[in-house]
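Okay, structure first, notes after.
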Amino acid sequence: MYQLDIVTIVIIVANLIISFKGFQDYAFKSKYLFNIAGIQRGEQWRFFTSGFLHADQRHLFFNMLTLFFFSHVVVSKLGDLSYLIIYLVSLLAANFLSYLFHKDEYQYSALGASGAVSGIIYSAILLDPSMRIYFGIPGFVFGIGYLIYSFYGMKRLNDNIGHDAHFGGAVAGILVTLIYNFDLIYTNTLTVAALTATIVVLFVLMKFLKK
């Protein structure tokens with residue numbers, strides 16, 4: 001059922017190498033994590049590099065394990081290149097949303113692959129609504145739970161995990177997947193509607209939380 005494709009291995013290895021470097025080298029982590037002040041100084045690379053750093057080993061393990069469970073569905077149905085594009089677009093969209101939310105908070109910092117992983121989760125659910133992960137948990141239940149966790153995680157802004165970025169990644173994952181296969185709107189209409197509604201509702205709640 002589960003399979004590690006080459007493109008997934010490359011992404012996981014990149015996350016492991018860069019994250020462990022960050023665990024051991026605070027200066028390295030500080031230079032490449034998502035930071036509003038740094039970005040406004042012109043350090044645009046942070047939009048990309050922060051997606052390969054993690055707060056701690058547990059954060060890294062959870063993201064990579066989740067990526068493993070959802071990746072093969074996307075790779076098998078859309079191919080390696082499309083999977084990689086969804087991953088990277090979701091990563092950038094996630095951090096761009098964070099920037100819009102926190103652009104006036106110069107000390108705000110975040111890191112993690114969660115935005116990119118969210119994009120892959122929602123792409124996989126859209127492509128295969130009946131998929132199951134872990135101990136038979138329906139993929140869509142995990143996906144919705146992932147966003148709910150992100151919503152509540154925003155109350156702990158001191159953990160440096162980009163919880164709000166999950167929403168940007170989820171939206172990007174859905175949109176790019178629909179660009180590749182627009183027929184999903186007709187064949188998986190209920191799934192598209194349910195995922196979109198969940199994102200919209202939690203996003204609105206998130207906006208109120210921030211006020």
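- In this structure, the side chain of Asn15 engages the main chain of Ile11 through a donor-acceptor pair within 3.5 Å.
- Across Asp5 and His72, no two heavy atoms sit closer than the pair OD2-ND1, 2.9 Å.
- Looking at heavy atoms from C-beta onward, Val176 lies out of side-chain contact with Ser90 at the 4.5 angstrom threshold.
- Counting only heavy atoms from C-beta outward, the side chains of Arg41 and Arg46 approach each other to under 4.5 Å.
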Evaluate side chain to side chain contact (heavy atoms under 4.5 Å, CB included) for Tyr180 paired with Ile85, printing each intermediate quantity in order. CA-CA 11 Å; Tyr180 281 122; Ile85 289 172; 3.2 Å; yes
Before you tell me yes or no, could you show the steps for Ser109 and Phe34 under side chain to side chain contact (heavy atoms under 4.5 Å, CB included), namely the whole-Å CA-CA distance, both residues' side-chain angles and the distance that decides it to 0.1 Å? CA-CA 5 Å; Ser109 296; Phe34 181 91; over 6 Å; no
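- In the model, Asp128 has a side-chain atom that pairs as donor or acceptor with a side-chain atom of Ser130 under 3.5 Å.
- Ring centroids of Phe142 and Phe70 are separated by less than 6.0 Å, placing the two rings close together.
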Could you walk me through whether Leu84 and Val10 satisfy the side chain to side chain contact (heavy atoms under 4.5 Å, CB included) test, starting with their C-alpha distance in whole Å, then the side-chain angles of each, then the deciding distance to 0.1 Å, before giving a yes or no? CA-CA 10 Å; Leu84 183 60; Val10 170; over 6 Å; no
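- When hydrophobic clusters are built by joining Ile, Leu, Val, Met, Phe, Trp and Tyr residues whose side-chain heavy atoms come closer than 4.5 Å, directly or via intermediates, Ile179 is not grouped with Leu127.
- In plain terms, the two heavy atoms of Gln40 and Lys103 that are nearest each other are NE2-O, 2.8 Å.
- Shown here is Phe140, whose CZ atom has no more than 12 heavy atoms of other residues, nucleotides or ligands within 6.0 Å.
- In this structure a side-chain-to-backbone donor-acceptor pair under 3.5 Å is missing from Gln24 to Ser19.
- Taking CZ of Phe20 as the reference point, atom CG of Leu53 lies at 12.5 Å (rounded to 0.5 Å).
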If you apply the rule side chain to side chain contact (heavy atoms under 4.5 Å, CB included), what do you find for Leu60 with Phe23, and how did you get there? CA-CA 11 Å; Leu60 172 64; Phe23 296 154; 4.2 Å; yes
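- In the hydrophobic clustering of this structure, Tyr186 groups with Ile174; members are Ile, Leu, Val, Met, Phe, Trp, Tyr whose side-chain heavy atoms approach within less than 4.5 Å, directly or through other members.
- The OH atom of Tyr122 sits 10.0 Å away from the OG1 atom of Thr196 when rounded to the nearest 0.5 Å.
- There is a path of hydrophobic side-chain contacts, each under 4.5 Å, that joins Leu81 to Leu78.
- Ring-plane geometry between Tyr87 and Phe52 is classed as tilted, the angle between the planes lying from 30 to 60 degrees on a 0 to 90 degree scale.
- Side-chain atoms of Gln44 come within 3.5 Å of backbone N or O of Ile39 as a donor-acceptor pair.
- Here the side chain of Asn35 pairs a donor or acceptor atom with the backbone of Gly38 at under 3.5 angstrom.
- When the shell of 6.0 Å around CZ of Phe96 is examined, it contains 12 or fewer heavy atoms from other residues, nucleotides or ligands.
- Contact between Ile125 and Gly139 at its shortest, heavy atoms only, is CD1-O, 3.3 Å.
- The local environment of CZ in Phe62 is crowded, with over 12 non-hydrogen atoms from other residues, nucleotides or ligands closer than 6.0 Å.
- Looking only at distances, a side-chain donor or acceptor of Ser76 sits under 3.5 Å from a matching main-chain atom of Val73.
- Under the 4.5 Å side-chain heavy-atom criterion for Ile, Leu, Val, Met, Phe, Trp and Tyr, Val192 and Phe182 are members of the same hydrophobic cluster.
- Side-chain contact annotation: Tyr83 with Ser71, donor-acceptor N/O pair under 3.5 Å present.
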